[in-house]
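One structure is given below, encoded as structure tokens.
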Amino acid sequence: MCGITGWVSFDRDLTAEVATLDAMTETMACRGPDDRGVWTEGPAGLGHRRLAIIDLPGGRQPMTAATPHGTVALVYSGEAYNFTELRGELAARGHRFTTDSDTEAVLRGYLEWGDAVAERLNGMYAFAVWDGRTDRLVLIRDRMGVKPLYYRPTPDGVLFGSEPKAILAHPLVRPRVGLDGLRELFTMVKTPGHAVWEGMREVEPGTVVTVDRSGLRHRVYWRLRTRPHEDDRATTIGTVRSLLDDIVRRQLVADVPRCTLLSGGLDSSAMTALAARQLGAHGEKVRSFAVDFAGRTDHFVADELRATPDTPFVHDVARASGTDHQDIVLDADALADPAVREKVIRARDLPAGLGDMDASLYLLFKAIRERSTVALSGESADEVFGGYRQFFDEDARTAGTFPWLVSLARHFGDDTDVLRPELVKALDLQTYVADGYREAAAQVERLDGESDFEFRMRRISHLHLTRFVRILLDRKDRASMAVGLEVRVPFCDHRLVEYVYNAPWALKSFDGREKSLLREATADLIPRSVYDRVKSPYPSTQDPRYAVALRHQAQDLLTRPDHPVFDLVDPERLRRAARSDTPAGGQAARRGLERTLDLAMWLELYAPEVALG
């Protein structure tokens, strides 16, 4: 895993601009703590920060190939899990390899097939190729959007980077956010291509962006398509298991220590059990890590979202699979620490507003990085197999909007309550969300003869797999790469996504429960306690000291009425949220405090020009 960046300027010679490329590259030192490199030739410059995972001495970048008609240079982030097969095919076609890295397989693949190499890759990746034979830049992103990639057109070319911070480091770029950017911040909709920062775009998943002297072009090489599903239940369950076995086997390949993220839920338990069985066949034990909060298990209070604490189930899985397990226990002081908030916002370049759930993820990854470099995660199984409550909630199913917004509003309230009324009116989030929903829903293809109910469930699945999962994948990538940890997501393998997406809802929930196919496909591996457990979301602290710390920080902020956050946040509304008699469990108030503190920190760190008109 790595960080990539670059600059193409057709009107100048970038060999004189190495200092600028160095500055852009260094913004992503956390993504690649092991090595760095910058390459320039004529109008093109590429930068790379490396986290060494495969072929530690041989995978240095930028990687180049000399051809009779010009140099082809590559900067690459991610993993191609089928690189061994690619190497074999390319070697049979006459290519000669000088390293054992997957990076060289991708570079040679581009030389053989051009940007169609994307269709041949299985993995998570974002990469850029400068093709000196044709003077064009090619940007390619994986099918599900696991690895991020941003770009910003310029009058004579383009800037790009794994993260906005690399582009923002360029002297030509002003850090500016307009109303549409704020709308993205205050809604959980993840508009495709939107990057929040004005002038900047995100390369969409499954897309190739090509830049040459004639301009910029897009080509979609993969999208989620509707196809008939002919397999019966037993065959479907067997196919899911076969795919999972192959996916986990591929994603365990690394030349550095590996581990799994274990929550005690079905997704991470199944993935951990599969990894443990496969490594066990070679005499290895899998490491597993779980996050917990000080005193949570002993003083857990059930609510409508979380009926049980995670830790007992985590330990059941660790015992059953024989993992080398460690709980990472966090306290309220660490979760509320402004220094941690700063790390999270620097990692994401944005005020995400998820508070302790962002802080705990960052702290979990930071602790794991001391023992492992690669972690397998159960992320996205809920989107693939239908695990969220909104899949079963009739109000959410029929709401005519993104179904997760119904659930979020019900359980957490509205964190925009702290904003200035005039800003709320200008944002008109209701219209923004409605427009986004219509656009997203129109992309769902209906199967001939599909019932209204089955099509509705297909649409809900499609929305989760093309919008909601991208929010979570971006969050996980940023938090992990901020500490130099590579997190792999087996459930995002496109073969599994395509197969399960097209299974009818009646199959996905054949026993009346969530994720029926995954549960049955791994029933022989997981403890009965996990098999029977009801879905529980990512944990959030119940410690009242966390809410108290938020209030104190908000009250301190209120003593600085000239702070730029009050151009966005209404001081009186914040004061009400920060009152000492606000219930510790008042989710709307707590989220409003988290949102405000994140915004304040972001404004201090990035000093963006916020255009409200």
Side-chain angles (χ1 to χ4, degrees), residues 233-234 236-245 248 260-278 280 286 288-293 296-323 325 327 376-394 396-397 407 411 457 460-461 464 490-491 496 500 503-540 542:
R233 181 194 300 180
T236 301
I237 292 169
T239 301
V240 168
R241 175 57 178 270
S242 178
L243 283 168
L244 288 173
D245 282 333
V248 171
T260 67
L261 307 178
L262 180 57
S263 71
L266 175 60
D267 317 335
S268 65
S269 299
M271 181 266 304
T272 296
L274 285 163
R277 174 172 288 191
Q278 294 190 14
V286 68
S288 59
F289 294 89
V291 67
D292 197 8
F293 304 112
R296 178 180 175 88
T297 301
D298 294 335
H299 305 291
F300 179 80
V301 177
D303 58 32
E304 58 182 323
L305 279 182
R306 301 173 182 88
T308 52
D310 288 343
T311 300
F313 300 92
V314 166
H315 292 172
D316 284 351
V317 176
R319 282 191 297 269
S321 293
T323 73
H325 181 75
D327 292 324
L376 270 65
S377 165
E379 191 77 88
S380 80
D382 285 307
E383 289 81 4
V384 174
F385 289 98
Y388 293 117
R389 294 191 178 198
Q390 55 262 24
F391 281 90
F392 297 86
D393 181 339
E394 196 60 23
R397 284 172 167 176
S407 296
H411 297 297
M457 298 313 297
I460 291 173
S461 295
H464 279 82
F491 293 109
L496 181 70
V500 177
W505 181 250
L507 258 183
K508 293 178 188 174
S509 59
F510 65 79
D511 59 0
R513 298 186 60 190
E514 76 283 357
K515 293 180 285 195
S516 308
L517 291 175
L518 176 60
R519 184 179 295 100
E520 289 307 313
T522 57
D524 62 315
L525 299 175
I526 57 176
R528 186 72 198 191
S529 59
V530 173
Y531 182 94
D532 292 332
R533 191 184 185 195
V534 175
K535 160 72 181 173
S536 184
Y538 184 85
S540 178
Q542 294 181 331

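Each residue takes its place number in the sequence, starting with 1.
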Does [X] reach the side chain of [Y], with side-chain heavy atoms less than 4.5 Å apart?
{"X": "K515", "Y": "F391", "value": "no"}
{"X": "F313", "Y": "T308", "value": "yes"}
{"X": "T323", "Y": "T260", "value": "no"}
{"X": "S263", "Y": "Y538", "value": "no"}
{"X": "F510", "Y": "T236", "value": "no"}
{"X": "L261", "Y": "V291", "value": "no"}
{"X": "Q390", "Y": "I460", "value": "no"}
{"X": "I526", "Y": "V317", "value": "no"}

Please confirm whether the backbone N or O of [Y] pairs with a side-chain atom of [X], one donor and one acceptor, at under 3.5 Å?
{"X": "S242", "Y": "G238", "answer": "no"}
{"X": "S377", "Y": "E379", "answer": "yes"}
{"X": "S516", "Y": "R513", "answer": "yes"}
{"X": "H325", "Y": "A318", "answer": "no"}

Task: ring pair (Phe, Tyr, Trp, His ring centres under 6.0 Å) involving F300 - partner list, sequence neighbours excluded - done: none
Are [X] and [Y] ion-paired here, with the side-chain N under 4.0 Å from a carboxylate O?
{"X": "D245", "Y": "R277", "value": "no"}
{"X": "R397", "Y": "D393", "value": "no"}
{"X": "R533", "Y": "D310", "value": "yes"}

Hey, what do you get for [atom1] ([X]) to [atom2] ([Y]), rounding to the nearest 0.5 Å?
{"X": "M457", "Y": "S509", "atom1": "CE", "atom2": "OG", "value": "7.0 Å"}
{"X": "L518", "Y": "F385", "atom1": "CG", "atom2": "CZ", "value": "4.5 Å"}
{"X": "L376", "Y": "S288", "atom1": "CG", "atom2": "OG", "value": "12.0 Å"}

Looking only at non-hydrogen atoms, find the nearest pair between [X] and [Y] and report the distance.
{"X": "L496", "Y": "P490", "value": "CD2-O, 4.5 Å"}
{"X": "D524", "Y": "R241", "value": "OD1-NH1, 2.7 Å"}
{"X": "K508", "Y": "A503", "value": "CE-O, 3.0 Å"}
{"X": "A307", "Y": "A302", "value": "O-CB, 3.7 Å"}
{"X": "D316", "Y": "P527", "value": "O-CG, 3.7 Å"}
{"X": "F491", "Y": "G378", "value": "CD1-O, 3.5 Å"}

Open item on the list: Are Y388 and H464, when compared by the centres of their aromatic rings, separated by less than 6.0 Å?
Closed with: yes
Task: Centroid-centroid under 6.0 Å between W505 and F392 rings - done: yes
Task: Pair E520-Y531, side-chain donor/acceptor within less than 3.5 Å - done: yes
- [ ] Could you please spell out the steps behind the side chain to side chain contact (heavy atoms under 4.5 Å, CB included) verdict for V286 and S321?
- [x] CA-CA 9 Å; V286 68; S321 293; 5.6 Å; no
TODO: Only one of D267, V530, L266 passes side chain to side chain contact (heavy atoms under 4.5 Å, CB included) with T522; say which it is.
DONE: L266
- [ ] Kindly indicate, with the supporting measurements, whether the criterion salt bridge (charged side-chain N to carboxylate O under 4.0 Å, His left out) is fulfilled by R519 and E514.
- [x] CA-CA 9 Å; R519 184 179 295 100; E514 76 283 357; 3.4 Å; yes
